[in-house]
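What you see is a predicted model; the values in this text were computed from it and never measured.
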Amino acid sequence: MNSNNAHATNSFQPHTFPGVTPHYQMVESAGTSALLSGTGLIQVETRASKPVTDSSDTVISLPINSADDKKTSGDGITHIRIDIEGETLIGRMLSSYYECNFIHPIFGPFRTMEGLARYINCDDEGTKRTQDFRTVSGRGVKKISETMKKRFVSNFKEIIYDATYFRIINDKELCKLFTESTLPFDYYFYFGDYKILIRGKGAPWIIEMYENLRTMIKNGEKPTSPDFTKLIADLKLQ
C-alpha cells in the first residue's frame, strides 16, 4: 500500500452516550509535541455551552452525567478505548504508556512507546536526559519531557506509524488481539470529579493510525518506511 492510502483521512465521529447531549469544538493548531500525551495542555470548563480551549491544543469534550456513566461509555462494547485504564486488554496494550519493552530497529530499546515518541521529539540540549526515556514509565517520561525543549521532526507521524507497526507485529499476543478485533478504536480520557470526556488534538490521527494499521496487517501490508536520515544525524549530535 502506498503512503497516501496508509494515511488517508477518515471521517471522525465522537461517540454519543444515552441521555447526554454532546457539545464539542475542534481548534486546529500546528506542532506535534504532545501528540501521544493524555493530559497536560488541555483546559476544560464543565459548562457545555462554553468549552475553554488552549490555542496550542484541540479539545473535544463531552459532559458525563456522573461517575457511573463512565461504566456505560461502551468501551469494549461499541468501541475500543486506547488508554492504559481502558476496559479491554487490547486497548491497554495499545496505550503509549503500556510497558511493552520493545527494541526499535533504528533507535534501540524502550520501555514504552511514550518513551520512543519523547526520545524523538525532545531536545535534551546535551544533558543526555533523553536516555532516561528508554527506562522510565510512561508517566515518568511525560514528567521529564515537560521541562525540555521540543525538536521539530517533519515526519514524526510517519516514524510513529512505522514504529507502532513494528511493535505490533513483533508481539504475538498483541498482534493476535489486534487482527482479530473488529470494534472501532477511540482515544479519550476522563477529567475531574464530573468525569468530563476529553479527546486531545492527537485523537483523530491516532485513531486513524490504528484503524489503518489493522487493515494493513490483516491484508499482509505495511506502511512505507520513513526517512530517518535527518533525525539520526540530530540524535548523534547529543
Side-chain angles (χ1 to χ4, degrees), residues 1-10 12 15 32 35-38 73-121 133-139 141-142 155-189 199-200 202-228 231:
M1 174 180 292
N2 70 35
S3 58
N4 291 333
N5 290 335
H7 301 271
T9 301
N10 298 330
F12 174 70
H15 293 288
T32 58
L35 290 172
L36 296 182
S37 173
S73 67
D75 183 14
I77 301 171
T78 62
H79 65 278
I80 297 169
R81 177 191 176 198
I82 302 166
D83 191 89
I84 197 64
E85 297 181 356
E87 296 293 329
T88 67
L89 175 59
I90 183 175
R92 295 191 295 273
M93 291 182 77
L94 291 176
S95 166
S96 62
Y97 282 11
Y98 186 79
E99 300 199 359
C100 52
N101 294 305
F102 76 110
I103 300 177
H104 189 276
I106 302 294
F107 303 113
F110 290 90
R111 182 173 171 182
T112 67
M113 285 294 291
E114 187 74 17
L116 172 64
R118 300 298 182 171
Y119 175 81
I120 291 170
N121 72 3
F133 292 158
R134 298 184 183 279
T135 57
V136 301
S137 68
R139 290 186 173 86
V141 165
K142 181 178 180 295
N155 61 343
F156 177 79
K157 291 182 181 180
E158 287 75 14
I159 292 173
I160 295 301
Y161 254 90
D162 182 72
T164 303
Y165 167 82
F166 179 83
R167 186 212 151 193
I168 291 172
I169 64 168
N170 283 284
D171 183 325
K172 290 183 179 179
E173 180 184 14
L174 175 56
C175 192
K176 184 175 186 295
L177 290 171
F178 191 65
T179 55
E180 291 179 352
S181 67
T182 57
L183 293 174
F185 294 111
D186 204 346
Y187 186 77
Y188 57 85
F189 68 96
R199 294 180 179 87
W205 86 260
I206 290 172
I207 293 168
E208 176 187 336
M209 175 182 73
Y210 282 115
E211 294 287 357
N212 287 340
L213 285 176
R214 179 164 58 184
T215 299
M216 283 189 282
I217 293 173
K218 283 183 176 181
N219 293 335
E221 301 169 338
K222 61 181 180 180
T224 302
S225 181
D227 183 356
F228 296 103
L231 179 57

message: Quick check: do R199 and D186 have side-chain heavy atoms less than 4.5 Å from each other?
response: yes
- line: Sorted by chain and number, sequence neighbours left out, side chain to side chain donor-acceptor pair (under 3.5 Å) with T164 holds for none
task: Step through the shown structure and confirm whether more than 12 heavy atoms of other residues, nucleotides or ligands are within 6.0 Å of CD1 on I106.
output: yes
statement: Applying ring-ring contact (aromatic ring centres under 6.0 Å, His included) to Y119 and not counting sequence neighbours gives F110
message: Centroid separation under 6.0 Å, is that true for the rings of F228 and F107?
response: yes
- request: Please tell me if the side chains of M113 and H104 come closer than 4.5 Å, counting only heavy atoms from C-beta onward.
  value: no
CG on L174 to SG on C100, rounded to 0.5 Å: 9.0 Å
task: Indicate yes or no: at least one non-hydrogen side-chain atom of M209 is less than 4.5 angstrom from one of Y187.
output: no
message: With a 4.5 Å cut-off on side-chain heavy atoms, are Y161 and E208 touching?
response: yes
field: By side chain to side chain donor-acceptor pair (under 3.5 Å) - contacts of N170 (at least two apart)
entry: none
- request: Show your working on side-chain contact (heavy atoms from CB on, under 4.5 Å) between V141 and F133 and close with a plain yes or no.
  value: CA-CA 6 Å; V141 165; F133 292 158; 3.9 Å; yes
message: Suppose we screen for ring-ring contact (aromatic ring centres under 6.0 Å, His included). Which residues come up paired with F178, at least two apart in sequence or across chains?
response: F185
Between OH on residue Y210 and CD1 on residue I82, distance to nearest 0.5 Å: 5.5 Å
- prompt: Taking only residues two or more places apart in sequence or in another chain, which ones pass side chain to side chain contact (heavy atoms under 4.5 Å, CB included) with T88?
  reply: D75, I80, I90
- prompt: For the residue pair E114 and S96, what are the closest heavy atoms and their distance?
  reply: OE1-OG, 2.7 Å
statement: residues 171-180 vs side chain to side chain donor-acceptor pair (under 3.5 Å), sequence neighbours excluded, gives K176-E180
Beyond-backbone contact of W205 with I160, side-chain heavy atoms, under 4.5 angstrom: yes
message: As an exercise, state the distance from CG of D227 to CD1 of I159, rounded to the nearest 0.5 Å.
response: 8.5 Å
- line: CG of L89 to OH of Y98, rounded to nearest 0.5 Å, is 6.0 Å
query: If you measure from CG on L213 to CD1 on I168, what distance do you get to the nearest 0.5 Å?
result: 5.5 Å
- prompt: For the atom pair CZ (R118) and OG1 (T112), what is the distance rounded to the nearest 0.5 Å?
  reply: 10.0 Å
- line: With sequence neighbours left out, the residues meeting salt bridge (charged side-chain N to carboxylate O under 4.0 Å, His left out) with R134 are none
- prompt: Can you list the residues that meet the side chain to side chain contact (heavy atoms under 4.5 Å, CB included) rule with S137, with sequence neighbours excluded?
  reply: E99, R111, R139
query: Hey, are the side chains of F166 and K222 touching, using non-hydrogen atoms and a 4.5 Å cut-off?
result: no
query: With sequence neighbours left out, what residues match R92 under salt bridge (charged side-chain N to carboxylate O under 4.0 Å, His left out)?
result: none
task: Check step by step if side-chain contact (heavy atoms from CB on, under 4.5 Å) holds for F189 and E85.
output: CA-CA 9 Å; F189 68 96; E85 297 181 356; over 6 Å; no
- request: Applying salt bridge (charged side-chain N to carboxylate O under 4.0 Å, His left out), name anything that partners R214, two or more places apart in sequence or on another chain.
  value: E211
task: Apply salt bridge (charged side-chain N to carboxylate O under 4.0 Å, His left out) to D83 and list each qualifying residue two or more places apart in sequence or on a separate chain.
output: R81
